[in-house]
Amino acid sequence: MYQILSEKNNNLTVEIPDFNPAHTFLCGQCFRWNQEDGLWIGIARGRLVKLSCNDGVCTFYNMDKREFEDIWVKYFDLETDYGSIKNILSEKDEYLRNAVLHGSGIRLLRQDFYEILFSFIISQNNNIPRIKQIIESLSKSFGKPLDRSSSLFGFPDVSSLAYASLDKLSICKGGYRCRYISESAKKLVEFPDFEDRIRSLCKVKARELLLTLPGIGPKVADCVLLYSGMDRTSFPIDRWVKRVIETLYFERETDEKTIRDFAKEYFGEFSGIAQQYLFYYARERKIGFG
DNA sequence: TTGCAGGGGTCAA
DNA sequence: TTGACCCCTGCA
């Protein structure tokens, strides 16, 4: 699914099919990747990553083969064959074919469970630039610096958030969501093997357990399962997805349960990635929005 | 300049 | 089922 082409000067060149950083980082699944001077720079797994890509050949800067294979193969989901998934989805209908073409370089990342959990609590009733702002601010205030000289910070761990006062959390301007962050973090420190527990449960039970945390409703629970890589059939339904599905497949207003059942039946095991293609397509084309 | 709607929802009544 | 909730941005 990928091929390491060279390793020199501490830079790694890798051929990665079906990967376009812009598609992957801008489709709304992550909040800590930015483009600067032609490079994509992100903070994930407590590390800074710099990469550039051209025609399916990517360079990872300051990275050796070992780190790449230990961490980033999994993070970028490089052992999944997106080519065949795209073929299967493209045969479903013309809408999906267009959506897949439009976001042909999307890869569903496998991100840190707790970072995703808190990031998507922050995402509720919010827009992407501000979500990114709040996450940066939280990381700066409560995260660990990436290295001794760094002014960059990893996402805070659960206990840092749990032991922070609500007043201090509120400096990050998350508004009413800060209370959810605080309360969920407090519950999570009391439940240290929460992530393992979620992993061990069936999808339905895992979702139910996530829903017991303050600030996590159906949409955020589905995001956590999908973007942490736990359940690729998860199908988060937000305003955009609801309206694009209504516009393309129902031609009328439709309740969430009907949409969920439709997705399960129609997209099957590829529901999560189908959702991502449709979301990216809908946002860029403003489908269902004027 | 000001006011208002709305943003990848959730919760409580 | 509905409105409140923080805060910011875009727009009239």
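Labels below follow one simple rule: chain letters A, B, ... track the order of the sequence lines, proteins then strands, and each chain is numbered from 1. Only a predicted model underlies this, so the values are computations on that prediction, with no experimental measurement involved.
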Next item on the list: May I ask you to test the A:C30-A:F25 pair for a side-chain heavy-atom distance under 4.5 Å?
Entry: yes
Next item on the list: Using whole Å, report how far CG of A:L211 lies from P of B:dA12.
Entry: 13 Å
Notebook entry, point to check: Under 4.0 angstrom, heavy atoms only, what part of the nucleic acid is A:C172 near: base, sugar-phosphate, or nothing?
Noted result: nothing
Notebook entry, point to check: In this structure, which one of A:W40, A:F68, A:Y2 forms a ring pair (Phe, Tyr, Trp, His ring centres under 6.0 Å) with A:F60?
Noted result: A:F68
Note to self: For the P atoms, the ones on C:dG3 and on B:dA5, what distance do you get once it is rounded to whole angstrom?
What the structure shows: 13 Å
Margin query: Taking the C1' atom in each of C:dT9 and B:dT10, what is the distance between them to the nearest angstrom?
Written below: 22 Å
Next item on the list: Indicate, with a heavy-atom threshold strictly under 4.0 Å, whether A:P129 touches base, sugar-phosphate, or nothing.
Entry: nothing
Next item on the list: To the nearest Å, give me how far apart CD1 (A:I181) and P (B:dC11) are.
Entry: 14 Å
Next item on the list: Could you state the atom-to-atom distance from CG of A:D255 to C1' of B:dG9 in whole Å?
Entry: 17 Å
Next item on the list: Give A:C178 one of three labels, base, sugar-phosphate or nothing, depending on what nucleic acid heavy atoms sit under 4.0 Å from its own.
Entry: nothing
Next item on the list: Indicate for each nucleotide in nucleotides 6-12 of chain C, in 5' to 3' sequence, whether protein heavy atoms under 4.0 Å reach the base (B), only the sugar-phosphate (S), or nothing (-).
Entry: BBS----
Check: Under 2.5 Å between the SG atoms of A:C172 and A:C178?
Finding: no
Next item on the list: Check the distance between B:dG9's P and A:I259's CD1 and give it to me in whole angstrom.
Entry: 13 Å
Note to self: Looking at every heavy atom in both A:L117 and A:V224, which two are closest together, and how far apart are they?
What the structure shows: CA-CG2, 3.7 Å
Checklist line | NZ/NE/NH1/NH2 to OD/OE distance under 4.0 Å, A:E136 and A:R32 | finding: yes
Note to self: So, applying ring pair (Phe, Tyr, Trp, His ring centres under 6.0 Å) with A:F31, which one of A:Y227, A:F118, A:F120 is it?
What the structure shows: A:F120
Note to self: Considering every strand and a 4.0 Å limit on heavy-atom distances, what is the contact class for A:F31: base, sugar-phosphate, or nothing?
What the structure shows: nothing
Item checked: Spacing between A:W240 atom CH2 and B:dG6 atom C1', to the nearest angstrom -> 11 Å
Note to self: Need one value for A:I216: base, sugar-phosphate or nothing, where a base atom within 4.0 Å counts as base even if backbone is also close, heavy atoms only.
What the structure shows: sugar-phosphate
Next item on the list: Could you tell me whether A:L213 contacts a base, only the sugar-phosphate backbone, or nothing, with contacts defined as non-hydrogen atoms closer than 4.0 Å?
Entry: sugar-phosphate
Notebook entry, point to check: Cation-pi between A:K264 and A:F235: NZ/CZ under 6.0 Å from ring centre and within 45° of the ring axis?
Noted result: no
Check: Roughly, in whole Å, what's the span from CG in A:L117 to P in B:dT10?
Finding: 12 Å
Next item on the list: Whenever both distances are under 3.5 Å in a Watson-Crick or G-U wobble pair, mark it; put DNA chain C into dot-bracket that way, with [ ] for crossing pairs and | when the partner is on another strand.
Entry: |||||.||||||
Notebook entry, point to check: Rounded to the Å, how far apart are A:E256 CD and B:dG9 C1'?
Noted result: 10 Å
Notebook entry, point to check: Does A:K186 NZ have over 12 foreign heavy atoms under 6.0 Å away?
Noted result: yes
Margin query: Is it the case that the ring center of A:Y95 lies less than 6.0 angstrom away from the ring center of A:Y249?
Written below: yes
Next item on the list: Please work out if A:E183 contacts a base, only the sugar-phosphate, or nothing of the nucleic acid, heavy-atom cut-off 4.0 Å.
Entry: nothing
Check: How close do A:P156 and A:F142 get, heavy atom to heavy atom, and via which atoms?
Finding: CB-O, 3.6 Å
